[in-house]
Amino acid sequence: MSENLFGQIRIFVLVELTSLYPDIPTDVLARVEVTPTREAAHGDMATNAALVAAKPTGKSPREIAAALALALAERPEIAKAEQAGPGFVNITLAPAILLAQIPVILQAQEQYGSSKIGNVRRVNVEYVSANPTGPLHVGHCRGAVVGDALANLLAKAGFDVTKEYYINDAGAQVIALAWSVYWRYLQALGTTLKEGEFAEAAPTGLQYPGDYLIPVGAALAQDHGAALAGPGCSIAESALWLNVVRDAAIAAMMDLVREDLAALGVYHDIFTSEAALVAAGGVEHALATLSANDLLYEGVLEPPKGKTPEDWEPREQTLFKSTAFGDDIDRPVKKSDGSNTYFANDIAYHADKLTRGFTSLIDVWGADHGGYVKRMKAAVKAMAGARDASLDVVLCQIVRVMKDGVPMKMSKRAGTFVELRELIDAVGADTVRFIMLTRKSDAQMEFDLDAAVAQTRENPVFYVQYAHARCRSVLRAAAGLSALPEPDDLSSLDAAEELALIRRLISWPRAIEAAAEAHEPHRIAFFLYDLAGDFHALWNRGRENAALRFLQEERPVETAARLALVAATATVLRSGLAVLGVTPAEEMRG
RNA sequence: GCACCCGUAGCUCAAUUGGAUAGAGCACCAGACUACGAAUCUGGGGGCUAGGGGUUCGAGUCCCUUCGGGUGCGCCA
């Protein structure tokens, strides 16, 4: 039997269906599904085959379902098949088929659930990509976790995944950063300038006043002495120092970012520099490609209706014909002074990813960039040309951190923002990661600090960790029993709770595939929560009745079977936690 | 004005990509404990899925529309 039982049974369904009705078109057959049932009373699996086949065959769904059920029931792997509802066929597997999956899981270990649907297709997942102007703050956290888990998920589904970080080190913000670092440098030298005077004199002002730049300025003073300063520690011509200070600042900030990501367990395969891309002529190359395809023109944009900026005046700019690829208006690639827009750089960057051989691009962005999705997709289509390549953007809505029932204020001004590091230190990386994945990414969420540290069921991390710890506890205790037989005979596993747990376990490969196709890693968190619930329910049988506990010294065959189920549960829990990047707990003690 | 996201139990959120009687947790009510086999469990109440129309065997899910919330809309990245 295949590792994925649903796929196997689906083949049976298709064979019997086409045998009964040979003329069903293949596009209809493609819509035939075999899915887990919501209720145990509906058996192990259900198929919609009769419903989708009704129209092409001209028969009623119930009639087809009845015939299909009859045919399927002949299969030795299927214990029962019956027509139900409007035309479903509910399938109950032969117990041996269900139980046979337990050794499959134990053999595969954490590889269980790994899929080949990705077909080694090269996927690039770009996430975080925060401006290198300071430590990560909580606003970056969700994207970091979602992107990382999504990349893990796709890898498990058989894609060839690269995790990428785009360093925005070419724009005005890093110039402002350089000026802010320069202030710390002058301070380290003992300048008599007041902060207000410096902010007045700097063309960018003092945009990043946080303390975290002090050591960067000090290091520059250490390395360069007063060579970057004017007479008497005054502000020197920027030509003298700006590049040096900017490069040092970016390097220092990226070190900070990497430390923060490491604390969260996030590791990128590659960091790509915007500045390097620009310096290599990537933008000119990309624009030339667009121009060669007649996708650029000089034009004047209309002001947004109902909200015309006060200083609006019509200006001619170079525009990309993104409307040819589904965008609402054409988008500028050059500012009116002729310099490139950020969008132009981003086009070049995505083209670069395509050039590097990725056919599937995924960007994880904050929701405030939602208005940017259409144009970027349009640009990727345009740059891909005849190549089969696509971009999907996963938007992450904002997270409100709640404390004592009220949202915590977060402000980047004056360096008072809540840093990611503080959140990790407060609740732990595992908890941050898991909770960030308990919501669909495009829905706003509240991160309840009180619930996150709670050791109760309302904390989903705890609940799942506890299930794994309980599994491990039983397996440890089993080591103290006298020798048990090999778990060859699993037929004693027939309680409703045991079968429910097994059903959940065998749906793990399917859960991986569905979540990967939808680019929705949060589904894995919910799967694990449900799986933990199934296991806790089984565990609870033993509280009322000691004969139902896992370890029964006098009944070694049953005990061995139960232990196999416990070990399989622990395996799938670990397999899922690995996708989320959460550590499985061996025990829950302090 | 336009685009995108969202609207599900009192609260925070799910719903196997269009499937069967819309589910969990918290809170509330009624029960069970000297703690890693009670950091938990059992039972109960609670819903016109924001409103209206449409598509079809079938809609929380897809289309249209109204209302309400969020994010954006040339020289920030």
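A, B, ... follow the sequence lines: proteins, then strands. Residue 1 opens every chain.
- Regarding contacts with the backbone of B:A38, a side-chain N or O of A:R543 is found under 4.0 angstrom from either OP1 or OP2.
- For the P atoms, the distance linking B:U16 with B:U21 amounts to 15 Å, nearest Å.
- The line from OG1 of A:T318 to CG of A:N340 is 9.0 Å long, rounded to the nearest 0.5 Å.
- Partner assigned to B:G47 is none, using Watson-Crick or G-U wobble distances below 3.5 angstrom.
- Rounded to an integer number of Å, the gap from CG of A:N340 to C1' of B:A77 is 14 Å.
- To the nearest 0.5 Å, atom CZ of residue A:R439 and atom CG of residue A:L437 are 11.0 Å apart.
- B:G7 and B:A27 have their C1' atoms separated by 22 Å, with the value rounded to a whole Å.
- B:C33 sits 10 Å from B:C41 when the C1' atoms are compared, rounded to a whole Å.
- Using a 4.0 Å cut-off between a side-chain N of Lys or Arg and a carboxylate O of Asp or Glu, A:D44 and A:R503 qualify as a salt bridge.
- Across all strands shown, A:E586 has no heavy atoms under 4.0 Å from either base or sugar-phosphate atoms.
- Residue A:N345 is out of contact with every strand shown, counting any heavy-atom pair closer than 4.0 Å.
- Screening A:V572, A:N4, A:L5, A:I117 for a side chain to side chain contact (heavy atoms under 4.5 Å, CB included) involving A:P509 leaves a single residue, A:N4.
- Atoms CG (A:L437) and P (B:U12) sit 20 Å apart, rounded to a whole Å.
- Rounding to the nearest 0.5 Å places CG of A:D392 at 5.5 Å from NZ of A:K377.
- Pairing for B:C4 is with B:G70, a Watson-Crick or G-U wobble pair whose two hydrogen-bonding atom distances lie under 3.5 Å.
- Considering only side-chain N and O atoms, A:H536 lies nowhere under 4.0 angstrom from the phosphate OP1 or OP2 of B:A24.
- Side-chain atoms of A:T133 and A:Q173 include no donor-acceptor pair closer than 3.5 Å.
- One distance of note links CG of A:N90 with CG of A:L72; it measures 11.5 Å at 0.5 Å rounding.
- Base contact: A:P314 has a heavy atom under 4.0 Å from a base atom.
- Contacts between residues 461-480 of chain A and RNA chain B, counted as heavy-atom distances below 4.0 Å, involve A:F462, A:Y463, A:Y466, A:S473.
- With both ends at atom C1', the span from B:U56 to B:G44 equals 38 Å, rounded to whole Å.
- Counting any heavy atom pair closer than 4.0 Å across all strands shown, A:A84 reaches a base atom.
- In this structure, A:R510 satisfies the cation-pi test against A:F6, with its NZ or CZ atom closer than 6.0 Å to the six-membered ring centre and inside 45 degrees of the ring normal.
- Within 4.0 Å of A:K374, counting heavy atoms only, lie sugar-phosphate atoms of the nucleic acid but no base atom.
- Residue-to-nucleotide proximity on RNA chain B shows that, of A:E446 and A:G542, the 5′-proximal contact is made by A:E446.
- Spacing between atom CZ of A:R38 and atom P of B:G60 amounts to 11 Å, rounded to whole angstrom units.
- At a threshold of 4.0 angstrom between heavy atoms, the contacts of A:T456 are confined to the sugar-phosphate backbone, with no base atom among them.
- With both ends at atom C1', the span from B:G68 to B:C5 equals 14 Å, rounded to whole Å.
- In terms of polar N and O atoms assigned as donor or acceptor, the side chain of A:N90 comes within less than 3.5 Å of the base of B:A20 in a complementary pairing.
- Among the protein residues, A:P332 comes within range of the sugar-phosphate backbone only, with heavy atoms under 4.0 Å from sugar or phosphate atoms but none that close to a base.
- Nucleotides B:A59 and B:G19 place their C1' atoms 10 Å apart, quoted to the nearest Å.
- As judged by a 4.0 angstrom heavy-atom cut-off over every strand, A:S60 is placed among residues making no nucleic acid contact.
- The aromatic rings of A:Y166 and A:Y349 sit parallel to each other, their planes meeting at less than 30°, with 60° as the upper class boundary.
- Side-chain proximity of A:R439 to B:U12, B:A20, B:G37: nearest is B:U12.
- We find that A:K353 and A:E126 are joined by a salt bridge, their nearest charged nitrogen and carboxylate oxygen being less than 4.0 Å apart.
- B:A32 atom C1' lies 19 Å from atom CZ of A:R541, rounded to whole Å.
- Nucleotide B:A24 forms a Watson-Crick or G-U wobble pair with B:U12, both donor-acceptor distances falling under 3.5 Å.
- With hydrogens and angles ignored, no donor-acceptor pair closer than 3.5 Å exists between the side chain of A:R523 and the base of B:U16.
- Pairing for B:U56 is absent, with no Watson-Crick or G-U wobble pair whose two atom distances lie under 3.5 Å.
- Where A:E458 and A:T438 meet RNA chain B, the nucleotide closest to each residue was compared, and A:T438 sits on the side nearer the 5' end.
- Between A:W539 and A:Y466, every side-chain heavy-atom pair lies at or beyond the 4.5 Å cut-off.
- Rounded to whole Å, the distance from CZ on A:F447 to C1' on B:C13 is 15 Å.
- Smallest separation of non-hydrogen atoms from A:W508 and A:S575: NE1-OG, 3.1 Å.
- For A:Y342, counting side-chain heavy atoms from C-beta on, the closest listed nucleotide (B:A77, B:C57, B:G25) is B:A77.
- Taking the six-membered ring where the residue is Trp, A:Y372 and A:F343 present perpendicular rings, their angle passing 60° and hence far from 30°.
- The separation between A:L531 atom CG and B:U16 atom C1' is 15 Å, rounded to whole Å.
- Whole-Å rounding puts the A:N48 CG to B:G58 P distance at 15 Å.
- At a threshold of 4.0 angstrom between heavy atoms, the contacts of A:A54 with the nucleic acid are absent.
- Rounded to an integer number of Å, the gap from A:M445 CE to B:C5 P is 21 Å.
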Readout for nucleotides 62-73 of chain B: B = base within 4.0 Å of protein heavy atom, S = sugar-phosphate only, - = neither; 5' to 3' it is --------SSSB
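- B:U8 sits 14 Å from B:G69 when the P atoms are compared, rounded to a whole Å.
- With a cut-off of 3.5 Å on both Watson-Crick or G-U wobble distances, the partner of B:G31 is given as B:C41.
- Stacking annotation: A:F526 is not stacked on the base of B:A14 (requires ring centroids less than 5.5 angstrom apart and an interplanar angle below 30 degrees).
- No donor-acceptor contact under 3.5 angstrom links the side chains of A:D363 and A:H369, judged on distance only.
- At the heavy-atom level, A:L301 lies under 4.0 Å from the strands shown only through sugar-phosphate atoms.
- Side-chain atoms of A:R510 lie closest to B:U16 of the nucleotides B:G25, B:U16, B:A20.
- To the nearest whole angstrom, the two C1' atoms, one in B:A77 and one in B:U40, are 50 Å apart.
- Among the heavy atoms of the strands lying under 4.0 Å from A:D311 is at least one base atom, whether or not backbone atoms are also near.
- The phosphate of B:C13 has neither OP1 nor OP2 within less than 4.0 Å of any side-chain N or O from A:K440.
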